[in-house]
2 protein chains.
Amino acid sequence: MNEQLRAISELDRVIHEPGRLMIVALLWPVKECDFLYLLNATEMNKGNLSSHLARLEEAGYVEIEKTYRGKVPRTLLRLTRKGRTAFDQYRKGLKAAF
Amino acid sequence: MNEQLRAISELDRVIHEPGRLMIVALLWPVKECDFLYLLNATEMNKGNLSSHLARLEEAGYVEIEKTYRGKVPRTLLRLTRKGRTAFDQYRKGLKAAF
DNA sequence: AATAGCGGGTTTGTAGTGCAAACTAGTTTG
DNA sequence: CAAACTAGTTTGCACTACAAACCCGCTATT
């Protein structure tokens, strides 16, 4: 197997999924943001977004903090160090592949 | 939704799957090759390779030609014009996204 | 002439995944 | 107080990737 193919086959599947790729790409440049921001930015539906976030949390790539803004619930999302590294690696992999 | 995200969300899922991405990347620069070449190059198992090829054929991205080399069956694979275009688009999408 | 093994794949079974619809829990509005 | 809204989560289903099992014709073996 050549380098290009190896790079492709080693792409992180958690990040590779476009829905999650959007989320991570959005979280990457900022300190944090909330659920509704992601919802609007990605144009996913809530169910979808919720489960992708759960998957990313399970992988240790995002932190989910549930807070209140007054009486209204508000979910804050942050990329963890691990998530940041994983995304950097993912992009390196893409570069190696193409 | 910004340009980056749109590019991500519009990535062709048939090509996006790493197994198929390897296949298409291999077929792209050559006129044709056979099943066993892909099998070795990708290090997939036969079943997997077979079904990814079927999916690509169904999408109209590859042509599958069954021939004989003497008495031994030999399956030849080629990227169609449509497949070539789809891969070019896919790479354009990646560039736009990262 | 059975049979065992191999080359070249395809089919089958299953676990996992993405998706939207339905649901939950609480809040605000009429 | 009922209806509607906010902010998500859970459920159910359809699809998919994957590997194990299978298939089938050929060749070598006993």
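Computation of the quantities below employed the complete heavy-atom set of this structure, encompassing side-chain atoms and omitting hydrogens, waters and symmetry-equivalent molecules. Chain naming here is simple, since letters A, B, ... match the order of the sequence lines and numbering starts at 1 in each.
- Taking atom CG on B:Leu11 and atom C1' on C:dG18, their separation rounds to 16 Å, with Å as the unit.
- Of the charged side-chain nitrogens involved, at least one lies within less than 4.0 Å of a carboxylate oxygen, so that A:Glu17 and B:Arg13 count as a salt-bridged pair.
- With respect to B:Glu10 and B:Lys92, no salt bridge is recorded, no charged nitrogen being found less than 4.0 Å from a carboxylate O.
- Considering B:Asp34, B:Ile64, B:Leu53, B:Leu36 as possible partners of B:Thr75, the one that fulfils the side chain to side chain contact (heavy atoms under 4.5 Å, CB included) test is B:Ile64.
- We find that NZ of A:Lys66 is positioned 9 Å from C1' of D:dA7, with the value rounded to whole Å.
- Nearest-nucleotide mapping onto DNA chain C: of A:Val72 and A:Arg20, the residue sitting toward the 5' end is A:Arg20.
- Listed nucleotides D:dA17, C:dG18, C:dT27 differ in distance to A:Arg55; the shortest reach to its side chain belongs to C:dG18.
- The side chain of A:Asn45 sits closest to C:dA20 out of C:dT10, D:dC18, C:dA20.
- The side chain of A:Phe35 lies closest to D:dT9 when the candidates are D:dT16, D:dC18, D:dT9.
- To the nearest angstrom, C1' of D:dT6 lies 9 Å from CZ of A:Arg69.
- OP1 or OP2 of D:dC18 lies within a sub-4.0 Å distance of a side-chain N or O belonging to A:Arg13.
- A close approach under 4.0 Å does occur between a side-chain nitrogen or oxygen of B:Ser50 and OP1 or OP2 of C:dT10.
- Within 4.0 Å of A:Leu49, counting heavy atoms only, lies no atom of the nucleic acid at all.
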Next on the checklist: Between A:Trp28 and A:Asp88, is the side-chain contact (heavy atoms from CB on, under 4.5 Å) condition met? List the steps.
Outcome noted: CA-CA 10 Å; A:Trp28 195 84; A:Asp88 291 340; 3.3 Å; yes
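- Between A:His16 and B:His16, the ring planes are parallel. Angles under 30° get that label, and only those over 60° would be called perpendicular.
- Atom pair A:Glu58:CD and D:dT9:P shows a separation of 14 Å (rounding to whole Å applied).
- The distance between atom CG of B:Leu39 and atom C1' of D:dA19, rounded to the nearest whole Å, is 13 Å.
- Per the geometry, NE2 belonging to B:His52 stands 16 Å off C1' belonging to C:dG9, to the nearest Å.
- The 5' end of DNA chain C is approached more closely, in terms of each residue's nearest nucleotide, by B:Lys46 than by the other of B:Lys46 and A:Tyr68.
- To the nearest angstrom, P of D:dT11 lies 17 Å from CG of A:Asn48.
- When rounded to the nearest whole Å, the span between CD of A:Glu17 and P of D:dT16 equals 13 Å.
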